[in-house]
Number of protein chains: 2
Amino acid sequence: MSGDPTIYDIAARAGVGIATVSRVLNAHPRVKVETRDAVLKACADLGFRPNRAARRLAAGGPNRPRVAALAPLFATAFAYGVTRPLAAGLAAAGIDLVLYDIPDRETKQRTLDRLLGERACEGLVLCSMGIGPERAAQFAAARIPVVAVDHPCDGLPAATIDNRAAMRLAVEVLRERGARRIAHLAGGDALAYRERRAGFVAAAGAAAPVVPAETPTREGGAAACGILLDAHPDIDAIACASDAIAVGALEECRRRGLAAPDRIQIMGFDDQPFMDVIGLSTVRQPVAGFGAWAAQAVAALCADPGAAVTPVLLPVSVVERQTTRTPAAPSRRRGR
Amino acid sequence: MSGDPTIYDIAARAGVGIATVSRVLNAHPRVKVETRDAVLKACADLGFRPNRAARRLAAGGPNRPRVAALAPLFATAFAYGVTRPLAAGLAAAGIDLVLYDIPDRETKQRTLDRLLGERACEGLVLCSMGIGPERAAQFAAARIPVVAVDHPCDGLPAATIDNRAAMRLAVEVLRERGARRIAHLAGGDALAYRERRAGFVAAAGAAAPVVPAETPTREGGAAACGILLDAHPDIDAIACASDAIAVGALEECRRRGLAAPDRIQIMGFDDQPFMDVIGLSTVRQPVAGFGAWAAQAVAALCADPGAAVTPVLLPVSVVERQTTRTPAAPSRRRGR
DNA sequence: TTGAAAGCGTTACCAC
DNA sequence: GTGGTAACGCTTTCAA
């Protein structure tokens, strides 16, 4: 009576053999109704749940690999943009995808502990997050390949963009469109946001105003924008750490009667769905490319742990729409 | 040499015992380096992949339930809106979520076959799709609880909305706002779309124009809208089967110089993120509610197959924004 | 219709 | 360090 009940417990309680219990569980045709009911009752009484591992082992099904993906599903559409091609790519490779929403650091560590402790997966995809070297060593020791996406990680193959360069590019475009006093609405602690911020400082100078949004959401963006405009009413352009922040900023500006792009120019980051109809100029990043790369990379590594997976630096571009001034016709500007 | 290689094969090839192979695989400290390398080489040579079921059975880890969710991840944000609370709710219940993207009928059947054949899950969530009675019987026989979301299904607990009534409500609102010649841009074969169409016909009459979009996307919506306007230039309102279709229609109308809401009113369906900033009037459905309900329902059923799970009919409401005429101030209208 | 017993591929304990 | 050898919990013949 220590752990979960097994078919032996059920068999004993129902006064039958374990083979009979198994038959009942598998809806085998030739079982007397009374015995069946007795077994079912015993199952219910004991709260019996068949052990999946034992089942699969005995039944001899295929040993399908499983990949765990950790991502901050959050409010943002980013993780979803990555998830879809990931799911599709893994399915094509006959790999199951177990999705874990990681809202905070603690959940992340707990999830990683579990994955490791229970040997719950044959591969790991990290979306927008990294792991320390000890962790990486643990996974290496457990022979579980790990790849990262949207976040570089020492020693792990990763698909990333150059967030600094991307933000520098955004600032340059804003300048070329006539902006003189550019500010930055930063995101949170995530590395990508910190890099974007660093890129902004590098391009706009240390004196340029930077206001962090409490959360990388519309609400956070609007609030941060309010603080920014109160402190620096003369700002004429805002480079934002994400589209959500940018939309919030845009709303706040409208609320204050500051027209975009004439009075103030606004640049987002991501190019989420519908940003084109909103008319937000933004830095486009290859969201689907992240997912596709991760699927291919982790599948290759699962198939052959020695496979050579090359990290990639995906290209970004700025898409000029209605929140930045027009140089000529709306165009797409190449990135780095 | 019939199936996959086992540790016995590795042991034989490396000239060691299976216990040693196991030690190597688990990064046990006390293994001579040479033996370790020999084992590793044998593993590589034979392409050995440890059997997860056997591992877990022997290691005696927790028998964590697994729930499979089938959803058309598609272009729409709908499935994602459902997925997040589902992932969160299941995680809280200690249940793993395996996500399957179901782009078409064939994939669905194949996936269900696999799930059943391999007994790959302890619970199933169907998003925006149903299963036939035979299927349902198969899952019942396998004692795998199934719940549906956004799609009613005979004999299965489901969370749904009344799509007919919702679309009738949309038509009514449009009428109250002065629309006289209302048309419908329909979605695909999915039941929800068919119901919405039926609701439209019921409210607007069989003579009202209905044009199906090739795909329930912006492109599909724009194309269908073009066809509609060519055939019926006098239309003054369009009730759309989804937000994506509505946005496409809105774009097409703008392209033709038809101003919304003055010349033509447009109503969406879903209330996806950012529809408020686009200003689309739409029928809001409780996307997150679907996911939360499914998590709770399937978790309850996993814990106790006899649990009473009540189907729910979630409320909808129409949100009036800038693509419908204003009655007074923009307001939220209660649904049914 | 049912029971006994032989695996399924690992892990882990116990000797050597 | 390393090799036997019991488990682990279930499915599946094979007889009865």
Side-chain angles (χ1 to χ4, degrees), chain A residues 1-39 42-43 46-65 116-120 122 141-143, chain B residues 1-39 42-43 46-65 116-120 122 141-143:
Chain A
M1 270 292 142
S2 52
D4 294 341
T6 73
I7 43 171
Y8 286 92
D9 301 321
I10 304 300
R13 193 168 223 275
V16 300
I18 61 163
T20 301
V21 176
S22 179
R23 288 188 191 101
V24 171
L25 259 30
N26 294 290
H28 209 82
R30 301 143 198 264
V31 197
K32 210 199 293 179
V33 184
E34 318 163 6
T35 1
R36 210 186 68 104
D37 291 344
V39 170
C43 287
L46 270 40
F48 172 73
R49 302 212 46 76
N51 180 306
R52 185 176 356 107
R55 264 189 143 160
R56 294 182 60 90
L57 179 56
N63 182 30
R64 209 176 282 282
L116 235 16
E118 299 178 16
R119 282 175 182 356
E122 281 69 53
R143 315 187 86 229
Chain B
M1 273 291 142
S2 52
D4 294 341
T6 72
I7 43 172
Y8 284 92
D9 301 320
I10 304 301
R13 194 169 220 274
V16 299
I18 61 163
T20 301
V21 176
S22 180
R23 286 185 195 105
V24 172
L25 259 31
N26 294 290
H28 208 82
R30 303 148 199 258
V31 198
K32 212 200 290 180
V33 184
E34 317 164 8
T35 3
R36 211 186 67 104
D37 291 344
V39 169
C43 287
L46 269 41
F48 171 72
R49 302 214 45 78
N51 181 305
R52 186 173 357 105
R55 267 190 142 160
R56 293 182 62 89
L57 179 55
N63 181 30
R64 209 176 281 285
L116 235 16
E118 300 178 16
R119 284 170 179 11
E122 282 69 51
R143 319 189 82 227

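Below, all heavy atoms of this structure are taken into account, side chains as well, without hydrogens, waters or symmetry copies. To find a chain, count down the sequence lines: A is the first, B the second, and so on, and within it residues start at 1.
- B:R55 has its side chain within reach of B:L25: a pair of non-hydrogen atoms, C-beta onward, lies under 4.5 Å apart.
- At D:dT2, one or more side-chain N or O atoms of B:T35 fall inside 4.0 Å of OP1 or OP2 (strictly under the cut-off).
- Using a 4.0 Å heavy-atom criterion, one finds that A:S22 contacts the bases of the nucleic acid, with or without backbone contacts as well.
- Contact annotation for A:R30: base contact, defined as any heavy-atom pair under 4.0 Å involving a base atom.
- Of the candidates C:dT1, D:dC10, D:dT2, the closest approach to any side-chain atom of B:T20 belongs to D:dT2.
- Summarising the geometry, the separation between CD on A:E34 and C1' on C:dT1 is reported as 11 Å, rounded to the nearest angstrom.
- Residues B:L57 and B:R36 both approach DNA chain D. Their nearest nucleotides, taken by heavy-atom distance, put B:R36 toward the 5′ side.
- Look at A:R64 and B:E118 and you find a salt bridge, because one of the NZ, NE, NH1 or NH2 atoms lies within 4.0 Å of a carboxylate O, short of that distance.
- Following rounding to the nearest Å, B:K32 (NZ) and D:dG3 (C1') show an atom-to-atom distance of 14 Å.
- Nucleic acid contact for B:N26: sugar-phosphate only, since backbone atoms but no base atoms lie under 4.0 Å from a heavy atom of the residue.
- Nucleotide D:dC8 holds its C1' atom 18 Å from the CZ atom of A:R49, rounded to whole Å.
- Contact check for A:N26 versus B:R119: side-chain heavy atoms found under the 4.5 Å cut-off.
- Between C:dG9, C:dT11, D:dC10, one nucleotide has an atom nearer to the side chain of A:F48 than all others, and that is D:dC10.
- Distance, B:R55 CZ to C:dC8 C1': 16 Å, rounded to whole Å.
- Heavy atoms of A:R56 sit nowhere under 4.0 angstrom from any nucleic acid atom.
- Counting non-hydrogen atoms under 4.0 angstrom, B:G15 reaches the backbone sugars and phosphates but no base.
- A:I18 comes within contact range of at least one nucleobase, with a heavy-atom separation under 4.0 Å.
- Note that the CG atom of B:N51 and the CG atom of B:D4 stand 8.0 Å from one another [nearest 0.5 Å].
- Checking C:dT2, D:dC10, C:dT10 against every side-chain atom of A:A58, the shortest atom distance belongs to D:dC10.
- The interatomic distance linking A:H28 (NE2) with C:dT2 (C1') rounds to 11 Å, in whole Å.
- When rounded to the nearest whole Å, the span between OH of B:Y8 and P of C:dC8 equals 9 Å.
- Atom CG of A:N51 is separated from atom P of C:dG9 by 16 Å (rounded to the nearest Å).
- For A:I7 and C:dT2, the CD1 to P distance is 16 Å, given to the nearest whole Å.
- Between A:A19 and A:P29, the residue anchored nearer the 5' end of DNA chain C, judged by the nucleotide with its closest heavy atom, is A:P29.
- Residue-to-nucleotide proximity on DNA chain D shows that, of B:R119 and B:V16, the 5′-proximal contact is made by B:V16.
- Residues A:T20 and A:R23 meet the side-chain proximity criterion, which asks for heavy atoms closer than 4.5 Å.
- No side-chain heavy atom of B:V21 sits under 4.5 Å from any side-chain heavy atom of B:Y8.
- For B:R23 against D:dG3, a side-chain-to-base donor-acceptor contact under 3.5 Å is present.
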